[in-house]
Amino acid sequence: MKSILTDITKCIGCNECVLACKRTYDLPPELPRRWHKPDGLSARNWTSIVRLPENKFVRKQCRHCQEPACVSACPVGALIKNAEGPVTYDGGKCMGCRYCMMACPYEIPRYDWDSAAPYIRKCILCYERIKEGKQPACTEACPTGATIFGEREELLAEAKRRRQENPKLQLYGDENEIGGTCVLYVSDVDLKAIYNGRDLRGDPALPSTTAPVLASVPLTFVGVGVLMSGLYWTINRREQLKKEGESGEKANG
Ligand code: SF4
Ligand code: SF4
Ligand code: SF4
């Protein structure tokens, strides 16, 4: 399984990883919005660098969980955990209900407010690139080796080796953290700072607890959104199928 290891002690905050991601996916410049979270992630920024005190820089992106809560929460199967590691999504299936946003313990998926057919966006671990035998654009661009790509088992062993060498380092993403993640970290700062004060190390995998969490969300809160999104999705799909039918008829005629 493919993974990324980010070593916070090596990051100089140059932003090259962020720019490489934007270039690769042709993501437009960010628009300032009042409702954006301050971590820099958005539908237009799939990875960000969060600056912490004492000039510490923490790269934030989807953790590509081994047992992703977003996947188990999605009612239409728009999110997929691939055998190679990446958690990807299918914009054609997504109906914009935002259950995944509520389920993700790291608060990663972001809604694309500007699209005529809005759906959630996030890092996809450069799935197409890794299928072609390449590494993700972000790890390729990093000038210091602060964020590297490889097999999960090897990166986990490397992370443990670094922690043994430097006891100040903490390891994030092994099996003790919600079943493990494909984006690992070694860090000399507490990563709670980028996860809204939460530390998930020691917590079990989340899919088993996703249903109770979602059950606690007031239905009135999601109801209208889901209804409207569902309507939009249905109309969109019907139009799409109609077009496919028409082009099929033309081809046969
Ligand atoms: S970090 Fe969130 S969005 Fe990414 S795989 Fe895990 S649950 Fe899904
Ligand atoms: S793995 Fe790919 S999609 Fe994810 S942050 Fe890096 S460049 Fe962007
Ligand atoms: S490219 Fe590397 S050093 Fe620069 S901000 Fe990204 S992770 Fe840090």
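Whatever order the structure lists ligands and atoms in, that order sets their numbers, starting from 1.
Heavy-atom contacts of P143 reach the following atoms of ligand 3: 1 (S) (cutoff under 4.0 Å). Atoms of ligand 3 found under 4.0 Å from any heavy atom of E16 (numbered from 1 in listed order, with element): 1 (S). Taking a cut-off of under 4.0 Å to the non-hydrogen atoms of I124, the atoms of ligand 2 that pass are 3 (S). Every atom of ligand 2 with a heavy atom of T47 under 4.0 Å away is listed here by number and element: 5 (S). Contact atoms of ligand 3 toward T147: 7 (S) (distance under 4.0 Å to a heavy atom of the residue). Using a 4.0 Å cut-off to heavy atoms of T144, the atoms of ligand 3 that qualify are 3 (S). Ligand 2 places these atoms under 4.0 Å from at least one heavy atom of P136: 1 (S).
Classification of the W46-Y89 ring pair by plane angle, with boundaries at 30° and 60°, yields perpendicular.
Heavy-atom proximity to atom 4 (Fe) of ligand 3, evaluated over A141, A146, C14, is greatest for C14.
Listed by chain and residue number, Y195 satisfy the ring pair (Phe, Tyr, Trp, His ring centres under 6.0 Å) test with Y106 (two or more places apart in sequence, or in another chain).
Inclusion of C17 in the first shell of atom 6 (Fe) of ligand 3 is supported: an N, O or S atom falls under 2.8 Å.
Between N45 and K22, the closest side-chain pair of non-hydrogen atoms falls below 4.5 Å.
In C138, the parts holding a heavy atom less than 4.0 Å from any atom of ligand 2 are both the side chain and the backbone.
Closest protein heavy atom to atom 2 (Fe) of ligand 3: C142 SG, 2.3 Å. Among all protein heavy atoms, the one lying closest to atom 8 (Fe) of ligand 2 is C21 SG, 2.3 Å.
Annotation for L79 and K122: closest pair CD2-CE, 4.1 Å, computed over non-hydrogen atoms.
For the pair R121 and Y119, the distance from NZ or CZ to the six-membered ring centre is under 6.0 Å and the angle to the ring normal is within 45 degrees.
For atom 8 (Fe) of ligand 1, the nearby protein N/O/S atoms, meaning those under 2.8 Å, are C70 SG.
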